[in-house]
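Data block below; observations after.
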Amino acid sequence: TRAAHFGRGPGPGPGFGSLADDLGVSEARLREALEAIRPTGDPHEELAAALAKSLGLDQAKVDEAFEQLRSEHEQRHEQERNRHAAELAEALGIEESRVREAFESLKPDGPPAPDERRRMRGRRAMLGALAQELGVSRANLRAALREVGPPGGRRHGGPGGPHRGPGGPGGPGGRGAALADDLADALGVEADAVEQALEDFHDAKREEFAQK
């Protein structure tokens, strides 16, 4: 559910200045307005309640389904991170435990920078920090990363399979469809009904946001 854009209220992000220009207001005024309408309740609870009502289910059952999906997603993420650490360690010729420890020590604390240039600087800084933690050169680390590919991808940088973790709404076959399928399996209902309930919830929240 965090990946479904319910982990935080609306706020400055990519396109913030453009949105202010389109609305004909200053960024400061838009920021103040967004802060004034920031949700105060539990967004996960709100989503579960809306889905339970739309699907005619007990909310406790929906809460349990979300918890199950969250647990499965975290397990898959951990497995993938361990696999990537093992492959990177092999490519660098070092112990896997050193790579895992480096990953853990450099785990980011907050969201990624919204600006592309800042993201690129952050990636370069992360690459340097990881190389230092592992005791290898940046060149060797880059070569190893090119060999093993990114986490979730296939070896040698090939494309990975479809994302199946809980995600936000999307087009056919996107993360929203994957979330609907997973929720439908957990709840024992039709995927189309879950996807429609998710779309209805997002439509209602966008309308509510625009009216505020």
Side-chain angles (χ1 to χ4, degrees), residues 1-16 19 30-31 33-84 103-104 107-114 150-154 159-212:
T1 53
R2 285 194 298 271
H5 309 299
F6 300 111
R8 60 181 180 180
F16 182 73
L19 176 60
L30 177 57
R31 186 174 289 105
L34 290 173
E35 288 294 330
I37 62 173
R38 184 182 295 275
T40 56
D42 185 345
H44 301 160
E45 188 79 9
E46 187 177 3
L47 173 60
L51 289 180
K53 182 177 180 180
S54 296
L55 298 171
L57 299 172
D58 187 83
Q59 185 175 336
K61 185 174 183 179
V62 180
D63 289 335
E64 183 179 348
F66 271 123
E67 187 58 37
Q68 175 186 332
L69 294 185
R70 185 181 298 112
S71 177
E72 291 174 356
H73 176 71
E74 290 174 353
Q75 290 175 8
R76 286 194 297 267
H77 177 73
E78 183 67 19
Q79 291 169 356
E80 179 54 39
R81 189 174 68 163
N82 290 341
R83 182 200 64 79
H84 191 250
F103 282 173
E104 189 65 29
K107 188 182 298 182
D109 296 326
R154 287 188 292 193
H163 176 75
R164 294 289 297 175
R175 292 189 299 171
L179 173 61
D181 289 342
D182 291 342
L183 267 177
D185 290 342
L187 293 169
V189 299
E190 293 292 330
D192 288 345
V194 176
E195 191 164 4
Q196 185 61 58
L198 288 170
E199 290 179 1
D200 290 345
F201 176 79
H202 285 289
D203 288 344
K205 295 305 292 182
R206 279 194 293 268
E207 182 66 24
E208 178 184 340
F209 176 73
Q211 290 178 354
K212 288 182 178 180

- If you take all heavy atoms of Leu51 and Ala197, which pair is closest and at what distance? CD2-CB, 3.6 Å
- Kindly write out the residues that satisfy salt bridge (Lys or Arg N to Asp or Glu O under 4.0 Å) with Glu104, not counting sequence neighbours, or none if the list is empty. Arg81, Lys107
- Query: Between Arg70, Gln68, Gln75, which is the residue that forms a side chain to side chain donor-acceptor pair (under 3.5 Å) with Glu72?
  - Reply: Gln68
- Task: Kindly check if the number of other-residue, nucleotide or ligand heavy atoms within 6.0 Å of CD (Gln59) is above 12?
- Result: yes
- Specify the closest pair of heavy atoms between Phe201 and Ala50, including all atoms of both residues, with the distance to one decimal. CD1-CB, 3.4 Å
- Does the pair Arg83/Glu80 count as a salt bridge with the N-to-O cut at 4.0 Å? yes
- Note on the structure: The reported gap from CG in Leu57 to CD in Glu64 (rounded to nearest 0.5 angstrom) is 12.0 Å
- Message: Within this structure, what is the CG-CD distance for the pair Asp181 and Glu190, rounded to the nearest 0.5 Å?
- Response: 10.5 Å
- Message: Which heavy atom of Leu183 sits nearest to which heavy atom of Ala65, and what is that distance?
- Response: CD2-CB, 4.1 Å
- Message: Between His73 and Arg76, is there a side-chain heavy-atom distance shorter than 4.5 Å?
- Response: yes
- Query: Would Asp192 and Gln196 count as having a side-chain donor-acceptor pair, cut-off 3.5 Å?
  - Reply: no
- Can you tell me how far NZ of Lys61 sits from CG of Asp63, rounded to the nearest 0.5 angstrom? 12.5 Å
- Please report the C-alpha distance between Glu195 and Glu199 in whole Å, then the side-chain angles of each, then the deciding distance to 0.1 Å, and finally whether the side-chain contact (heavy atoms from CB on, under 4.5 Å) criterion is met. CA-CA 6 Å; Glu195 191 164 4; Glu199 290 179 1; 4.0 Å; yes
- Item | Side-chain heavy atoms of Leu47 within contact of Leu198, under 4.5 Å | yes
